[in-house]
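Worth knowing before you read on, the calculation uses all heavy atoms, side chains too, and leaves out hydrogens, waters and symmetry mates.
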Amino acid sequence: MDNVKNETQVSPFLFSGLTNDGRLIPFLFLFFLLVYNVTLIGNIGMIAIVKKNAKLNTPMYFFLSYLSLVDLFYSTVITPRMLSDLISSRRVISFNGCAIQFFFFAALAGTEIFILANMSYDRYVAICHPLHYASIITKCKCFCLVLLAFFIGFLQSALQANCVFRLQFCRSHLIDHFYCDVPPLLKLSCSDTLYCDLVTVYSVATCTIGSFLPILISYMFIFSTIIRMKSAEGKQKAFSTCSAHLICTSLFYITVFFTYLRPPSDIFDVQDKVACIFYTVLTPMLNPLVYSLRNQEVKKIVLQAVCHSTVVETILSVIRNRVNILPILFKLWKVTLK
């Protein structure tokens, strides 16, 4: 029995991938390669613009820069591996590689939803208590809120990973997915998965509902304040500052709720993969684009940077001198390809 246990812990997993249709693979590879490149450029560009421009030295853009940073790593955990598997004949990932991929994926996803909650709180204070905004949303409070988001995200991920990867996988090692996630992994286990099911549901529900409620409450007060505004220009400006955040939040939460907080069923396997593509691959690309297109101030700064041909130098400078994310991204990319 010990030999079986040891064997299950070191045997590699196989991914079913997105599709086995050879006609679709070239299109999907080029499409997701383009999406990943746009994700990198968009998020690194957003970080660079926020860091370099004094006009954006506000709490709102402080949170936005961290959202872009999380999206950057979040996308890198999933997309390069998915691209590699699309053109590979054997989609293999080691047991440890699977555990590492899941841990960072779950940690960054949890961190992202709490950063979105922080941003809704910032908008609530800015619109409902504008005169006290500077005294309420201080730099210290912003840093603590971001730190708390990372702490909760990585804690719940560690709990889930510790539970799932202690199970016995003595059945098929074919994961019916394009990355390591809890639902398809639990289907492969020959252990009793009730405890892990409860841990997963509790963790996901706590994170999503625990972050969604502050967003919902914040926007209830925001909309109440906007309705009472007499100036049409003031209403338009208030709606404009909130619309980008609402779009990004809605995209993320709808797909997460659809994937995790419903009864498991084999009927929804294809829909699961489509939903996962939205919040693992497309959302990290859409976030900086939505904020750029919906925010007049960011849009103006981006256009000025492009017109003066300084955007590339700004991005490279921030990466080299302040952010230093490329070496970390490369190491993370190599780990998830194992």
Side-chain angles (χ1 to χ4, degrees), residues 12-46 68-106 108-109 112 172-185 188 248 251-252 255-256 258-259 268-290 292 312 315 319 325-338:
F13 290 106
L14 300 173
F15 289 125
S16 65
L18 286 175
T19 181
N20 291 316
D21 189 341
R23 295 169 298 178
L24 286 175
I25 287 174
F27 167 75
L28 291 175
F29 179 82
L30 291 174
F31 174 73
F32 288 119
L33 180 63
L34 175 63
V35 167
Y36 184 58
N37 284 324
V38 173
T39 301
L40 292 179
I41 294 169
N43 285 291
I44 293 174
M46 183 63 71
S68 293
L69 186 64
V70 170
D71 279 335
L72 195 58
F73 286 107
Y74 183 53
S75 178
T76 301
V77 169
I78 303 296
T79 311
R81 172 81 218 192
M82 183 185 69
L83 290 171
S84 173
D85 286 342
L86 276 171
I87 57 175
S88 175
S89 57
R90 197 161 181 261
R91 302 153 180 168
V92 183
I93 187 169
S94 68
F95 182 88
N96 291 334
C98 186
I100 291 170
Q101 185 189 54
F102 169 75
F103 172 75
F104 281 105
F105 155 72
L108 294 168
E112 173 147 341
S172 168
H173 281 240
L174 178 64
I175 301 175
D176 189 18
H177 217 331
F178 59 91
Y179 67 92
C180 292
D181 199 6
V182 172
L185 281 169
L188 304 182
C248 295
L251 285 173
F252 193 85
T255 51
V256 168
F258 175 82
T259 304
F268 292 97
D269 282 345
V270 175
Q271 289 90 329
D272 280 341
K273 290 184 181 182
V274 174
C276 290
I277 287 171
F278 267 96
Y279 73 81
T280 59
V281 180
L282 296 179
T283 300
M285 176 194 71
L286 292 174
N287 282 346
L289 293 180
V290 169
S292 298
V312 175
I315 292 171
I319 293 172
I325 23 184
L326 283 184
I328 305 172
L329 282 172
F330 182 67
K331 289 179 183 178
L332 191 58
W333 178 76
K334 288 201 299 182
V335 167
T336 56
L337 286 181
K338 288 183 180 179

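Summarising the geometry, atom CZ belonging to F32 is positioned 10.0 Å from atom CE belonging to M285; distances are rounded to the nearest 0.5 Å. Here N287 contributes atom CG and L72 contributes atom CG; the two are 12.0 Å apart, rounded to the nearest 0.5 Å. Here the SG atom belonging to C180 is positioned 13.5 Å from the CZ atom belonging to F104, to the nearest 0.5 angstrom. Summarising the geometry, atom CG belonging to L33 is positioned 10.0 Å from atom CE belonging to M82; distances are rounded to the nearest 0.5 Å. Atoms CG and NE2, on L18 and H177 in that order, are 9.0 Å from each other to the nearest 0.5 Å. For the atom pair CZ of F278 and CG of L286, the computed distance is 8.5 Å after rounding to the nearest 0.5 Å.
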Take V35 and T79 through the side chain to side chain contact (heavy atoms under 4.5 Å, CB included) test and state the conclusion after the steps. CA-CA 9 Å; V35 167; T79 311; over 6 Å; no
Applying side chain to side chain contact (heavy atoms under 4.5 Å, CB included), run through C276 and I78 and close with a yes or a no. CA-CA 10 Å; C276 290; I78 303 296; over 6 Å; no
Trace of the side chain to side chain contact (heavy atoms under 4.5 Å, CB included) decision for L14 with H173: CA-CA 6 Å; L14 300 173; H173 281 240; 5.6 Å; no
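Using cut-offs of 30° and 60° for the angle between ring planes, the Y279 and F252 rings count as perpendicular. Ring geometry for F27 against F31 counts as parallel: the plane angle stays under 30°, on a 0 to 90° scale with 60° as the upper cut.
Every residue two or more places apart in sequence or in another chain was checked for a ring-ring contact (aromatic ring centres under 6.0 Å, His included) with F102, and none qualifies. Applying the side-chain contact (heavy atoms from CB on, under 4.5 Å) test to S68 and every residue at least two apart in sequence or in another chain returns N43, M46, I47. With sequence neighbours left out, R90 forms a salt bridge (Lys or Arg N to Asp or Glu O under 4.0 Å) with no residue at all. With sequence neighbours left out, the side chain to side chain donor-acceptor pair (under 3.5 Å) criterion links T39 to no other residue. Taking S16 as the reference, D176, K273 meet the side chain to side chain donor-acceptor pair (under 3.5 Å) condition, with sequence neighbours excluded.
Heavy atoms only, all atoms of each residue included: T280 and F105 are closest at CG2-CE1, 3.7 Å. Residues I25 and L86 share a closest heavy-atom pair of CG2-O, 3.2 Å. A pairwise comparison of heavy atoms in R81 and Q101 identifies CG-NE2, 3.7 Å as the closest pair. Of all heavy-atom pairs between T76 and Y36, the closest is OG1-OH, 3.0 Å. Of all heavy-atom pairs between G42 and P288, the closest is O-CB, 3.7 Å.
Within 6.0 Å of CZ on F29 lie more than 12 heavy atoms contributed by other residues, nucleotides or ligands.
A distance-only check finds no donor-acceptor pair linking the side chain of S84 to the backbone of P80 [under 3.5 Å].
Applying the salt bridge (Lys or Arg N to Asp or Glu O under 4.0 Å) test to residues at least two apart or on different chains, the pairs with a partner in residues 23-39 are D21-R23.
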